[in-house]
**Q** 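Dropping the structure in here first, questions after.
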Amino acid sequence: MTDSRKPVFLVIGAGAGIGGNAALRFAAGGYHSVLARRSDEDGLARLVGEIEAAGGSASGTLLNAAEDGAIEELVARTEADIGPVHCALYNLGAQIGNRALPDTPHRIFELGWRLGTYGVFRLAHALFPAMVERAKTGAHGTLLVTSATAAVRGNAGQHSHAAAMGGRRMLCQTLNAEFAPQGVHVAHVVVDGAVDAPDTLGKLLGDKFEGFKAGKGRDGVIDPAALAETYWHLAHQPRNCWSHEVDVRPWTDVPWWNDNPDPQIDSRGKGFAGPRDGD
């Protein structure tokens, strides 16, 4: 029997950057967006209000994704009370900062894995059975997974983050191999650059955030609203042209696989693709 309710776009990790902008874009496209985040109930309400003010429908909930059963309960409740989840975005980071090996306790390393890899596994485990059933009637499901440079390059001090993101990438590949033939599209998005996100990078940099963006120059920081358009496109690709991994960065940055940390190339230890000021 066909479900007549609106299709749902479920976001786990719905901050004011990537997650919130993706929720806004999908709501504008006819989905009901369900936004889940760990804390800041007021910020969550503002995002829901912004979507509704733009003519979309949305709801929000606080979620501790590391807690046993929390993701599973959210999926079950959403499917029962709101509508079928046709697309989900796993947008939780697992960054614990630069920590030398002796300064990385076992529990902190494990937390990175729980948020970075295990959470994706749990979401797929809870969500895919219903998506597979719906795919039998032609309605394919999509899991979008935000990832990071650490998924493809492990740097010093990033033991937990690199292990979590590398595991996330390989997990997405195994999910693709098993579920693409069953009508579920898994897209792993490597965000290889800084994102203009006030409650993630903004909080990390504090009062240096605006100066950081100014130093990056025009188009030097990823616009989360523009990235949301990439997510929308991925979720609506035909099955004969599915993208399973894409990487996104500002045009001014050299990609991770061509990066050269020689300080003579760039004082920040980063390769640079465009002309310098004054050139």
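Computed over heavy atoms, backbone and side chain alike; hydrogens, waters and symmetry mates excluded.
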**Q** One thing to verify: whether Glu110 and Arg107 come together as a salt bridge, which I'm taking to mean a side-chain N less than 4.0 angstrom from a carboxylate O.
**A** no
**Q** Is there any salt bridge (Lys or Arg N to Asp or Glu O under 4.0 Å) pair reaching into residues 7-19, and which pairs are they, with sequence neighbours excluded?
**A** none
**Q** Is it the case that more than 12 heavy atoms not belonging to Glu52 sit under 6.0 Å from its CD atom?
**A** yes
**Q** Would the His161 and Trp113 ring centres measure less than 6.0 Å apart?
**A** no
**Q** Tell me, please, which residues at least two apart from Gln182 pass side chain to side chain donor-acceptor pair (under 3.5 Å).
**A** none
**Q** Compute the centroid of each ring, for His244 and then for His185, and state whether the two points are separated by less than 6.0 Å.
**A** yes
**Q** Applying side-chain hydrogen bond (donor to acceptor under 3.5 Å, both in side chains) as the test, list every pair that has at least one member in residues 7-19; sequence neighbours left out.
**A** none
**Q** Between Arg46 and Glu50, does any side-chain N to carboxylate O distance fall below 4.0 Å?
**A** no
**Q** Could you tell me whether Arg134 and Glu79 make a salt bridge, using a distance below 4.0 angstrom between a side-chain N and a carboxylate O?
**A** yes
**Q** Ignoring hydrogens and geometry beyond distance, is a side-chain donor-acceptor pair present between Ser59 and His32 at under 3.5 Å?
**A** yes
**Q** Do Lys216 and Thr252 meet the criterion of a side-chain donor-acceptor pair at a distance under 3.5 Å?
**A** no
**Q** Are there over 12 heavy-atom neighbours, none belonging to His236, within less than 6.0 Å of that residue's NE2?
**A** yes
